[in-house]
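As the structure lists them, so they are numbered: ligands from 1, and atoms in each ligand from 1.
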Amino acid sequence: MGRMRAKRNIPIRMERCHERWFDDPLLNKGHWREACGFAADVPVWLEIGCGKGKFCTQMAQANPDVLYIAMEKEPSVVLAAIEKAHEMELPNLFFIKGDANLIENYFDKDEVDHMFINFCDPWTRQNKPKRRLTYRDFLTKYKGFIKPGSKISFKTDNDELFDFSLKEFEESGFELTCLTRDLHNSEYDSSNIRTEFEQKFADQGINIKSVTAVLK
Ligand SMILES: C[S@@+](CC[C@H](N)C(=O)[O-])C[C@H]1O[C@@H](n2cnc3c(N)ncnc32)[C@H](O)[C@@H]1O
């Protein structure tokens with residue numbers, strides 16, 4: 001009953017934060033800076049599967065000169081992220097309620113400067129590697145809107161997904177940098193912002209794996 005009511009409330013609560021999202025984000029393809037009120041030379045950063053928004057809100061706050069767009073497919077989850085951004089009054093953070101399977105419809109050539117994929121579903125138990133957001137077919141889609149020198153920063157708790165992703169990046173024309181299998185005890189930790197899932201896994205004593213793949 002409680003959950004039913006919460007679900008019915010989603011449209012009303014989304015409406016209260018309407019400045020954070022677009023009725024038809026597909027129309028912004030090639031025009032994200034303009035649509036969000038930013039100058040043509042502002043870097044665009046894109047996060048896929050942002051969850052409840054801990055990472056994207058802190059990233060947008062720490063990088064005020066960047067236009068940060070966060071995508072999430074689950075309505076109640078993206079709502080939590082949107083409300084967080086609304087509460088923090090972050091001027092540079094916007095959301096897409098949508099599925100990364102269709103990402104090529106949302107962004108145009110050279111539109112994105114840096115991407116973030118954090119703790120995406122590993123699809124190991126179901127043995128469906130083609131569904132992983134770092135599978136080569138996804139990387140091909142991303143290459144349609146990032147440019148040489150653009151980065152994809154990737155973090156996971158899952159060894160199998162990490163090894164798979166390193167291979168996919170390398171075989172898709174990316175150079176691997178900042179690679180670590182123990183992020184929280186590495187030189188990269190001082191600038192690291194922890195996601196919700198990252199904190200949960202760290203609390204369980206699981207080492208966090210991370211890499212930044214640069215398109216050659
Ligand atoms: C395991 S959670 C991680 C959330 C967050 N990145 C974190 O690290 O705390 C994965 C998230 O990605 C979202 N997701 C999975 N596949 C997606 C897709 N194809 N498009 C958009 N979001 C997706 C899920 O709904 C979920 O919220």
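- Of the N or O atoms in Val77, none lie within a sub-3.5 Å distance of an N or O in ligand 1.
- Atom 9 (O) of ligand 1 has as its closest protein heavy atom Phe197 N, 2.9 Å.
- On a distance-only criterion, Thr195 and ligand 1 share at least one N/O pair closer than 3.5 Å.
- For atom 17 (C) of ligand 1, the nearest non-hydrogen atom from the set Lys73, Glu196, Arg194, Met71 belongs to Lys73.
- If you check which protein heavy atom lies closest to atom 15 (C) of ligand 1, you get Asp121 OD2, 3.4 Å.
- No chain of hydrophobic side-chain contacts below 4.5 Å, direct or via other Ile, Leu, Val, Met, Phe, Trp or Tyr residues, connects Ile206 to Phe164.
- Within 6.0 Å of CD on Gln199 lie more than 12 heavy atoms contributed by other residues, nucleotides or ligands.
- Side-chain atoms of Asp99 do not come within 3.5 Å of backbone N or O of Lys73 as any donor-acceptor pair.
- Of the candidates Ala100, Ala80, Ala81, Ser76, the one placing a heavy atom closest to atom 18 (C) of ligand 1 is Ala100.
- Under the 4.0 Å criterion applied to side-chain N and carboxylate O atoms, Asp113 and Arg33 are assigned as salt-bridge partners.
- Given atom 12 (O) of ligand 1, the protein heavy atom at minimum distance is Gly49 CA, 3.4 Å.
- With respect to atom 1 (C) of ligand 1, the closest heavy atom belonging to the protein is Phe119 O, 3.0 Å.
- No hydrogens or angles considered: a donor-acceptor pair under 3.5 Å links the side chains of His18 and Asp23.
- A donor-acceptor contact shorter than 3.5 Å links the side chain of Lys29 to the backbone of Glu104.
- Of all the listed residues (Glu72, Arg131, Lys52, Glu47), Glu72 holds the heavy atom that lies closest to atom 25 (O) of ligand 1.
- Per-residue contacts place Asp99 under 4.0 angstrom from the following atoms of ligand 1 (heavy atoms of the residue considered): 18 (C), 19 (N), 20 (N).
- Near Gly98, with a cut-off below 4.0 Å to any heavy atom, the atoms of ligand 1 are 20 (N), 21 (C).
- Using a 4.0 Å cut-off between charged side-chain N and carboxylate O, Glu72 and Lys84 make no salt bridge.
- Backbone and side-chain nitrogen or oxygen atoms of Asn118 are examined, and one is located within less than 3.5 angstrom of a nitrogen or oxygen of ligand 1.
- Heavy-atom contacts from other residues, nucleotides or ligands closer than 6.0 Å to NZ of Lys54 number more than 12.
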